[in-house]
Amino acid sequence: MLFQRSSVWVLHALLSHWWKHPVQLSTLMVGLVAATALWSGVQALNQQARMSYDQAAQRFNSLNQAQLTGINQQPIAQQDYVQLRRLGWPVTPLVEGQLTTDLSPQYSFTLVGIEPMTLLNTESAQAPATGLPTNLSLNQFLTPPWEVWLSARTKEAVLQAFEGVDTGFPLNPLGERPNLRVSNALADYEMMTDIYLAQYWLEMDQQHSRLLLLQDTFAQPLPNELSSRLRVIIPQSDHDISRLTESFHLNLTALSLLAYLVGLLMVYSAMHLAMNQRRSLYRVITACGIDQRHLMACVLTELLLLSALIALPGLLLGYWIASWLLPDLSTSLAGLYGAQVDANLSLTSRWWFQGLMMAWAGTLLASLLPLLRLLNNKPNNRPDANIIHFSGSVGSRLMTLALISATAALAVAYTGQSLLSGFLLLGLIFTTAALLLPLLVDKVLALGQALFSSALGQWLWADARLQISHLAIALIALLLALSTSIGVGGMVEGFRHTFVGWLDQRLAAEVYVRADSQQQADELYAWLDQHEQVKAILPSARADRVLHQTPIELRGIQVHATYVDHWPLLSRMDDAWSQIEDQGAVMINEQLARQLALNLGDSIPLSTDTSFSVVAIYSDYGNPKGQVMMSIETLYQHWPHAEQGSFALRVDPDQLDSLKDQLNEHFSLGDNQVLDQLAVKDFSIRLFERTFAATRALNLLVLGVASIALLSSLLTLSSLRLTQMAPVWASGVSRQQLMFFELMRLLFIALITAMLAIPLGLLISYCLVTVINVRAFGWALPWQIFPQQWFNLTLSALISALLAAIIPLLKLRFSSPGKLLKGFRDDQ
Amino acid sequence: MLKATGISKSHHTPQGPLTLFTELNFTLNPAESVALMGESGSGKSTLLHILAGLEPADAGNILLHEHNLTSLNDRQRAHIRRDYFGVIFQQLNLIPSLSVYDNLVFQARLAQRLEHHWLDHLIAELGLQQLLSRYPSQLSGGQQQRVAIGRALAAKTPYILADEPTGSLDEINAEQVMSLLLALVKETGTSLFMVTHSQALAQRLDRSLTLRQGQLV
């Protein structure tokens with residue numbers, strides 16, 4: 001047995017190292033806490049989002065659900081449902097709505113009414129889960145006082161809502177209280193009951209919200225009399241919400257992985273130094289009768305114990321980071337994909353376990369080399385074990401590895417097609433840069449050394465080169481953090497510029513008005529047509545199709561100067577607009593063009609009998625779906641039942657407010673029916689900001705961790721530096737001079753790192769906009785550069801170095817001569 | 001009795017194999033003290049390491065009571081070391097992160113042989129009473145070596161293997177440390193095998209050997 005009673009004392013001896021080296025322990029803790037927190041924080045966000053998607057998928061409202069809805073969001077009449085059932089359509093009705101109590105505190109419940117005879121008794125594998133038990137008593141569910149199924153928390157809220165109510169919710173039509181039944185499968189504040197009770201509470205007598213189509217393979221055209229009122233929503237089996245958002249989460253995961261790696265660099269730095277410093281400790285333990293395997297087992301136990309203890313605050317911090325970022329994530333996912341993510345974080349035990357595993361895996365990975373050395377019984381006994389001369393064989397080895405990594409990056413760049421290969425490419429670029437950094441810094445310093453011939457000058461540069469071996473890991477962390485900031489910052493800033501310009505082009509009309517019904521649309525058109533301040537009324541319409549198993553959206557617009565002059569076209573034929581207007585040609589968004597490899601002049605078979613010529617491709621940021629635009633006449637010609645869309649109105653901006661007031665006065669339009677351009681832009685830009693809030697926050701955290709890595713490296717080094725500087729001091733260089741040299745040297749090294757981070761950051765930014773974005777979201781961005789950002793980041797690198805140098809410099813300033821002399825003695 | 005027969009050892013160097021010694025035979029009897037002398041690089045420390053089971057020999061046997069150390073695996077050799085040998089190096093003998101007290105009891109705890117009255121006696125003899133809560137970095141070289149001797153003796157092992165235990169000390173400190181070591185070894189009847197450069201020191205032991213051109217003379 002490897003773990004014996006004596007192991008306790010060996011562990012005691014091993015662990016005691018950390019208490020005597022608090023800076024090393026702090027480095028280890030900061031590194032591991034940062035790695036665990038940033039990784040697990042993002043995983044918490046992803047897990048929360050996935051749980052919400054799963055819940056949504058189970059609650060019928062997934063994009064994956066085949067269904068029938070009323071045209072223009074109108075409720076479906078009971079008689080239409082009955083007619084479909086008589087025609088053999090496998091449909092079941094749903095009644096949905098929000099119930100809000102007037103009490104204080106106010107509660108809002110999502111109520112779903114189901115018809116269990118058609119929903120629960122279906123044999124179709126497509127039937128969605130209801131969250132109700134399989135042994136549900138239909139008799140009790142369907143008859144007074146009825147049953148309401150809800151979560152335990154919702155039950156408490158409903159019981160409170162019962163106080164002092166004598167009619168309506170939560171009483172049934174007979175004035176009785178329904179039976180409240182708890183189902184853990186239902187989300188909080190979600191209630192499920194019989195359709196009759198739901199119709200009563202929601203005042204939707206003889207009406208349904210939508211009809212679920214229980215066999216999505218059921219392919220029959222809607223009867224003519226129903227097609228003007230209903231529309232079939234095709235299931236997007238390959239494009240469910242979790243897949244749509246996969247790229248979004250993958251991006252976050254990649255950034256958190258980078259943060260994890262930067263944290264691990266700190267762990268490696270601490271472990272490497274600790275393992276080297278403990279060489280004599282291992283020798284003594286071995287001499288006292290502990291064999292190599294036993295010692296190895298104890299070291300492993302020590303690492304696992306330490307990392308488990310450190311992982312706990314890391315996980316708590318990760319939880320806090322996730323809670324902090326979740327509102328932004330929730331908003332951006334809702335805005336971009338319509339995916340609802342619960343803003344309250346609830347995590348499974350699996351998340352905690354995975355976090356612990358990541359902490360363990362990271363610690364073991366970071367300690368691998370020293371552990372292998374220990375296992376092979378080859379402790380590095382050289383007194384200068386920590387000093388690496390990059391100009392020698394180590395430099396050649398690093399150069400070889402860097403070349404291999406660069407070659408692999410080129411191979412991946414040319415052959416890779418997937419998003420994962422895009423991230424692999426980024427990983428290989430980072431690896432190459434990390435391998436090259438110490439060599440390049442050494443070369444620059446060697447150049448400096450060659451230029452200075454004085455004794456002090458020689459010492460300055462040679463000593464700086466010596467420091468590289470100690471600071472290499474911290475500098476690599478700084479390089480990665482800076483280049484990521486430049487890369488991601490450049491991408492986000494470039495995207496912001498493009499996006500704002502694109503919004504100006506896309507939202508050229510001043511007002512957008514949406515009608516609730518065809519009748520209202522006609523009335524609106526007639527009313528607007530009489531108003532002189534409305535310079536143009538541009539109607540639109542939409543329809544859904546499936547093209548090569550991919551759901552796409554068809555949009556019809558009235559060709560007008562508003563579009564001709566502004567629409568954000570990426571490429572077009574010369575007479576594109578006239579072809580669209582007169583010859584039934586179409587334009588497609590970039591996503592669809594890339595997805596189906598379509599180009600100008602290609603034909604797109606949108607219906608069985610007609611193909612449409614593609615005459616332009618437009619940018620369509622933020623839209624996960626493929627889209628085809630054509631003239632509204634072409635759309636109605638081929639899809640006569642296309643849904644009426646909003647009207648784009650050209651209005652004199654000065655008269656905008658008065659028009660909106662008159663519209664609301666005449667038609668009692670809801671808030672979401674009249675949107676002015678500025679409000680939409682404002683919403684879009686806010687959504688944009690929140691989408692990248694998590695990215696920016698992670699980016700800043702990585703930079704912070706890298707700065708701490710530099711600080712801890714310098715602190716760890718400070719004692720060693722005293723012994724290295726003692727001879728120079730003894731030779732007649734004052735301590736003030738030494739401090740100045742020390743500071744200048746560090747700032748210079750940080751400056752070289754920042755200078756190298758700029759081209760690397762630009763390369764990262766280029767990969768992000770031309771590779772990652774295209775593969776993740778389906779659209780490319782123009783690559784832009786922002787020198788102001790470089791300046792800011794270089795400055796922040798120098799400030800980080802300055803802050804990191806303060807404590808070691810003070811240590812040097814206030815070290816007694818005795819301490820310096822002692823260092824000199826120790827060296828001898 | 002510790003008996004080495006036919007011990008050979010060579011090191012690999014960039015210039016080719018370097019033979020340290022061949023076919024060495026040596027016996028350390030109970031309660032006997034033996035000094036090993038020789039020029040720098042002659043292999044004295046290596047021989048001590050081989051006897052302690054810290055380093056394997058290329059050939060030969062090391063017999064300790066009923067055990068043949070050369071036929072044992074690393075784990076078994078470690079157990080032998082814990083039970084039979086106290087090893088004292090020239091420097092870096094102590095665990096820097098443990099207090100003097102914890103250093104003293106370390107091997108005794110591993111061997112589960114800690115006797116408090118014996119430890120108290122040792123502490124008193126070595127003059128470490130006031131230093132027990134200190135850490136090695138707070139001790140002088142002489143104090144550190146006294147703690148190392150204390151650790152080796154606290155485990156009550158029958159053999160002490162010392163590699164130039166006073167090599168890094170000044171003359172006065174070296175004399176004090178050696179006197180203490182020899183007195184305690186004599187008191188406990190422990191066998192002592194000591195690598196040293198000092199002729200004077202060697203003369204104070206029962207027997208003196210010299211490693212010269214790969215042979216013991």
Side-chain angles (χ1 to χ4, degrees), chain A residues 1-25 273-298 302 374-379 381 383 393 719 723 819 822-823 825-828, chain B residues 48-49 51-56 72-99 101-114 135-138 140-141 144 147-148 151-152 154-155 157 159-163 168:
Chain A
M1 211 172 74
L2 273 176
F3 201 84
Q4 304 154 6
R5 205 171 144 187
S6 56
S7 307
V8 176
W9 302 113
V10 178
L11 270 177
H12 176 223
L14 291 172
L15 285 169
S16 65
H17 171 87
W18 299 105
W19 319 138
K20 289 292 287 176
H21 295 86
V23 175
Q24 259 175 51
L25 181 64
L273 192 64
M275 294 280 183
N276 264 327
Q277 283 185 347
R278 300 202 306 194
R279 287 197 311 267
S280 66
L281 169 71
Y282 297 147
R283 188 183 62 158
V284 172
I285 291 175
T286 313
C288 287
I290 296 297
D291 64 274
Q292 208 64 36
R293 280 177 61 204
H294 189 177
L295 178 58
M296 181 77 180
C298 287
E302 176 209 12
L374 181 64
L375 189 67
N376 292 331
N377 196 15
K378 284 179 187 162
N381 285 321
S393 61
S719 309
T723 67
K819 209 163 189 177
K822 184 176 180 291
R825 262 203 320 275
D826 284 348
D827 241 12
Q828 286 184 318
Chain B
L48 182 139
H49 292 163
L51 291 176
L54 288 166
E55 214 175 316
L72 300 181
N73 62 25
D74 180 50
R75 189 177 170 203
Q76 290 163 326
R77 284 203 307 272
H79 273 278
I80 293 288
R81 208 156 52 238
R82 187 188 303 178
D83 292 338
Y84 289 94
F85 298 124
V87 185
I88 306 168
F89 298 104
Q90 182 180 349
Q91 58 180 1
L92 301 173
N93 264 300
L94 305 181
I95 298 171
S97 48
L98 292 185
S99 67
Y101 178 82
D102 284 331
N103 266 288
L104 278 172
V105 298
F106 187 72
Q107 187 169 355
R109 275 172 169 168
L110 292 184
Q112 295 172 37
R113 236 177 6 225
L114 180 60
Y135 283 86
S137 60
Q138 298 167 315
S140 69
Q144 287 188 16
V147 179
R151 187 189 63 211
T157 56
Y159 299 93
I160 298 283
L161 306 178
D163 188 1
S168 59

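Order of the sequence lines fixes the chain letters, A, B, ..., with proteins taken first and strands second; residue numbering starts at 1 for each chain.
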Which one of Val105(B), Thr157(B), Asn73(B), Asp102(B) has the most heavy-atom pairs closer than 4.5 Å to chain A?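 It is Asp102(B).
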Below 4.5 Å, heavy-atom pairs only: which of Val87(B), Asn103(B), Leu110(B) has the largest tally toward chain A?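 With the most close heavy-atom pairs to chain A, the winner is Leu110(B).
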Side chain, backbone, both or neither: which part of [X] has a heavy atom under 4.5 Å from chain A?
X         : value
Tyr135(B) : side chain
Gln76(B)  : neither
Arg109(B) : both

Closest approach of Ala78(B) and Ile290(A), non-hydrogen atoms and distance?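 Closest heavy-atom pair between Ala78(B) and Ile290(A): CB-C, 3.5 Å.
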Minimum heavy-atom distance between Ala287(A) and Gln107(B), given as atom pair plus value: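 So the minimum-distance heavy-atom pair works out to O-NE2, 4.5 Å.
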Output, in order, the C-alpha distance, side-chain angles, deciding distance and verdict of side-chain contact (heavy atoms from CB on, under 4.5 Å) for Ile285(A) and Phe106(B). CA-CA 9 Å; Ile285(A) 291 175; Phe106(B) 187 72; 3.8 Å; yes
Rounded distance (nearest 0.5 Å) linking atom CZ of Arg82(B) with atom CG of Asp291(A):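 Separation between the atoms: 8.0 Å.
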What part of Trp9(A) gets closer than 4.5 Å to chain B, counting heavy atoms only: side chain, backbone, both or neither?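 Contact with chain B: backbone and side chain both.
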Examine whether an atom of His21(A) lies under 4.5 Å from a heavy atom of chain B, and if so say whether it belongs to the side chain, the backbone or both; otherwise answer neither.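 Neither part, no heavy atoms under 4.5 Å.
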Given side chains that start at C-beta, do those of Leu54(B) and Arg283(A) come closer than 4.5 Å, heavy atoms only?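 Sidechains of Arg283(A) and Leu54(B): no contact.
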